[in-house]
Colleague: 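Got a structure here, written out as structure tokens. Questions coming.
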Amino acid sequence: MKLSQFFLPTLKEVPSDAQIASHRLMLRAGMIRQTSAGIYAWLPLGLRVLRRIEQIVREEQNRAGAIELLMPTIQSADLWRESGRYDDYGDEMLRITDRHQRDMLFGPTNEEMITDIFRHAVRSYRDLPRNLYHIQWKFRDEIRPRFGVMRGREFLMKDAYSFDLDAAGARRSYNRMFVAYLKTFARMGLQAIPMAADTGPIGGDLSHEFIILADTGESEVFCHADYLARDWAGDIDYETDLQPLIDDLTALYAATDEKHDAARFAAEVPQDQQRSARGIEVGHIFYFGTKYSAPMGAVVAGPDGNDIAVEMGSYGIGVSRLVGAIIEASHDDNGIIWPASVAPFDVGLINLKPGDDAVDEQCSQLYTQLQAAGLELLYDDRDERAGAKFATMDLIGLPWQLIVGPKGVKGGTVELKNRATGERFDLAPAAAMQKLQE
RNA sequence: CGGGGCGUGGCGCAGUCUGGUAGCGCACCUGCUUUGGGAGCAGGGGGUCGUUGGUUCGAAUCCAGCCGCCCCGACCA
């Protein structure tokens with residue numbers, strides 16, 4: 001993509017509304033534009049990141065055996081009356097009326113709808129277990145939206161729902177998602193810590209939040225220091241019994257403030273290993289048994305022929321929130337530093353002197369060849385000064401900058417700069433291309 | 001929902017107290033110079049001052065209502 005033909009409305013000055021780094025940087029880097037309180041348009045650069053995060057989430061869900069579908073954003077109130085949540089949910093639910101005066105709502109979550117879909121399709125225990133998920137926009141009319149996409153009213157969420165015959169099966173489904181979540185966040189370069197959590201209005205009796213530590217996080221969390229350096233990225237065989245692994249992963253103390261037990265914390269964690277910090281919740285998993293299946297009649301025939309309400313769990317990942325969370329975890333004074341796995345482009349190619357035939361030619365060769373090699377490039381071919389180009393490229397945080405100027409071209413080299421470390425390499429073009437393809 | 005604050009060219013702000021017909025920086029357009037870390041000079045375009053009503057000879061400025069947005073708290077991916 002040539003920057004001269006892209007749509008990248010960057011800002012030099014910081015919008016006064018933005019309080020935290022990720023919000024400021026997303027606005028400055030031209031990733032989003034606010035259209036109402038807590039509602040954002042995703043501009044091309046932001047959309048690219050959102051899509052890459054979504055794809056990682058999708059791949060790990062699929063790997064863990066979940067099956068993707070897509071439910072609508074607008075739901076009928078009748079379903080919510082069946083579960084009893086139409087009245088319970090309160091003002092956070094955006095309620096609307098259609099032209100026939102039917103009560104509709106913009107879905108804040110999909111337990112009712114998936115339970116409805118499930119009960120119409122599945123009659124036998126032989127069809128279990130199943131885990132169905134979708135990645136869809138949600139709307140929660142938050143009292144106070146803030147921090148950009150971290151607490152928006154409209155947000156993109158992956159929500160999965162598991163159906164099992166009994167509690168033991170539900171536990172296995174829960175464990176699969178637990179591990180899949182750790183893998184998902186690790187792929188994005190995030191250190192997510194699983195913490196015992198309150199179940200909130202969704203209900204149930206087993207729940208974990210996945211927390212990224214950041215000063216700007218909204219919840220207070222407490223954990224053993226070993227969690228800060230843990231490697232979650234190992235290969236998983238989802239067919240094996242995951243319980244021993246889960247037991248190991250949750251052996252040390254980690255809890256959000258709702259579940260925090262100061263006495264236990266003091267007793268179980270040596271004082272110099274105790275960590276209390278702010279955290280960003282990027283995922284939340286629940287086991288809630290028959291909370292929805294019983295009132296909504298989601299039953300299957302068991303081995304003995306008698307109907308039994310299915311055991312359910314739900315599993316959420318805040319996809320759009322992750323964009324902000326990753327920036328909170330990875331930026332510096334000059335801008336964003338994208339982990340390679342979610343970067344909007346792999347390489348920023350900087351032409352320091354458009355109009356110089358030798359430089360133009362070198363750039364256009366690199367542009368063509370690197371694209372042919374499968375890399376996504378953003379080529380800054382604008383007629384701007386070098387400083388402006390460096391500043392833009394640092395701001396938008398692509399992992400590599402490939403800098404081509406007249407001096408280097410004369411000596412047969414180009415410069416490769418690593419955004420994260422600041423390391424620079426003067427290399428022959430072929431060597432630079434090879435390094436980028438590693 | 002309680003408390004606080006803000007709405008003036010695309011962005012950041014001054015002007016409001018003390019009413020007299022709108023200004024600065026950045027961005028944008030034109031020209032010249034410049035060219036490895038957000039250039040300089042010169043010229044230029046763009047604003048019903050959130051909105052409605054009131055007071056006044058006259059309102060960005062004073063008064064009232066409404067709308068929008070932000071911050072602090074209790075709830076949540």
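In the text below, chain A, chain B and the rest are named by the order of the sequence lines, each starting its count at 1.
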Colleague: Using a heavy-atom cut-off of under 4.0 Å over every strand shown, decide if A:Gly90 touches base, sugar-phosphate, or nothing.
Modeller: nothing
Colleague: Considering Watson-Crick and G-U wobble pairs with both distances under 3.5 Å, what does B:rC6 pair with?
Modeller: B:rG68
Colleague: Suppose you measure atom P in B:rG3 against the same atom in B:rG65; what distance do you get, rounded to whole Å?
Modeller: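 It comes out at 15 Å once rounded to the nearest Å.
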Colleague: Taking NE2 from A:His284 and P from B:rC75, how many angstroms apart are they, rounded to a whole number?
Modeller: 14 Å
Colleague: Assign A:Gly335 to base, sugar-phosphate, or nothing according to its heavy-atom contacts below 4.0 angstrom with the strands shown.
Modeller: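 The residue A:Gly335 makes no contact with any strand.
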Colleague: If pairing requires Watson-Crick or G-U wobble contacts with both distances under 3.5 Å, which nucleotide is the partner of B:rC62?
Modeller: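 Its partner is B:rG54 (Watson-Crick or G-U wobble, both distances under 3.5 Å).
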Colleague: Which pair of heavy atoms, one from A:Ser293 and one from A:Thr290, lies closest together, and at what distance?
Modeller: OG-CA, 3.1 Å
Colleague: Are A:Trp137 and A:Phe155 close enough that their ring centres sit under 6.0 Å apart?
Modeller: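 No; A:Phe155 has its ring centre 6.0 Å or more from that of A:Trp137.
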Colleague: Do A:Lys435's NZ or CZ and the ring of A:Phe425 fall within the cation-pi criteria of under 6.0 Å and 45°?
Modeller: yes
Colleague: Could you give the distance separating B:rA59 and B:rG15 at their C1' atoms, to the nearest angstrom?
Modeller: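 These two C1' atoms come out 14 Å apart once rounded.
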Colleague: Would you measure the distance from the P atom in B:rC6 across to the matching atom in B:rG50 and give it in whole Å?
Modeller: 13 Å
Colleague: Between B:rC72 atom P and A:Arg146 atom CZ, what is the distance in whole Å?
Modeller: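 After rounding, the gap between these two atoms is 6 Å.
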Colleague: Nearest whole angstrom, please: distance from the P of B:rC70 to the CD1 of A:Ile20.
Modeller: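 It is 13 Å, rounded to the nearest whole Å.
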Colleague: Suppose you measure atom P in B:rU8 against the same atom in B:rG45; what distance do you get, rounded to whole Å?
Modeller: 23 Å
Colleague: Going 5' to 3' along nucleotides 27-39 of chain B, which nucleotides have protein heavy atoms under 4.0 Å from the base (write B), which only from the sugar-phosphate (write S), and which from neither (write -)?
Modeller: S------BSBBBB
Colleague: Rounded to whole angstrom units, what separation is found between the NZ atom of A:Lys158 and the C1' atom of B:rA77?
Modeller: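 So the two atoms are 10 Å apart, to the nearest Å.
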Colleague: For the rings on A:Phe210 and A:His208, is their centre-to-centre separation under 6.0 Å?
Modeller: no
Colleague: Can you measure A:Phe7 atom CZ to B:rG10 atom P for me and round it to whole angstrom units?
Modeller: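 Answer to the nearest Å: 15 Å.
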Colleague: With a 4.0 Å limit, can you tell me whether A:Gln34 has a side-chain N or O closer than that to the phosphate oxygens OP1/OP2 of B:rC70?
Modeller: yes
Colleague: Is the Lys NZ or Arg CZ of A:Arg176 less than 6.0 Å from the centre of A:Tyr238's six-membered ring, within 45° of the axis?
Modeller: no
Colleague: Return the value, rounded to whole Å, for the distance between atom CZ of A:Arg153 and atom C1' of B:rC69.
Modeller: 11 Å
Colleague: Between B:rC70 atom C1' and A:Asp17 atom CG, what is the distance in whole Å?
Modeller: 5 Å
Colleague: Quick one: are the ring centres of A:Phe222 and A:His260 less than 6.0 Å apart?
Modeller: yes
Colleague: Could you walk me through whether A:Met393 and A:Ile350 pass side-chain contact (heavy atoms from CB on, under 4.5 Å), step by step?
Modeller: CA-CA 8 Å; A:Met393 210 51 93; A:Ile350 299 178; 3.9 Å; yes
Colleague: Ignoring hydrogens and geometry beyond distance, is a side-chain donor-acceptor pair present between A:Glu68 and A:Asn62 at under 3.5 Å?
Modeller: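 There is no such pair (donor and acceptor under 3.5 Å, judged by atom type) between the side chains of A:Glu68 and A:Asn62.
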Colleague: What integer number of Å spans the C1' atoms of B:rG46 and B:rU30?
Modeller: 15 Å
Colleague: Which parts of residues 427-436 of chain A get close to RNA chain B, meaning a heavy atom less than 4.0 angstrom away?
Modeller: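 None, since no heavy atom is under 4.0 Å.
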Colleague: Examine B:rC1: is either OP1 or OP2 under 4.0 Å from a nitrogen or oxygen in the side chain of A:Arg144? Give yes or no.
Modeller: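 Checking B:rC1 against A:Arg144, no side-chain N or O comes under 4.0 Å of OP1 or OP2.
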Colleague: Give me the distance, rounded to whole Å, that separates B:rU16 from B:rA60 when you measure between the C1' atoms they each carry.
Modeller: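 One C1' to the other, the span is 7 Å.
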Colleague: From the set B:rA77, B:rA74, B:rC69, return the single nucleotide nearest to any side-chain atom of A:Phe155.
Modeller: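 Among B:rA77, B:rA74, B:rC69, the one nearest the side chain of A:Phe155 is B:rA77.
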Colleague: Sequence neighbours left out, what passes side-chain contact (heavy atoms from CB on, under 4.5 Å) with A:Ala432? Give chain and number order.
Modeller: A:Leu402, A:Val414, A:Leu427
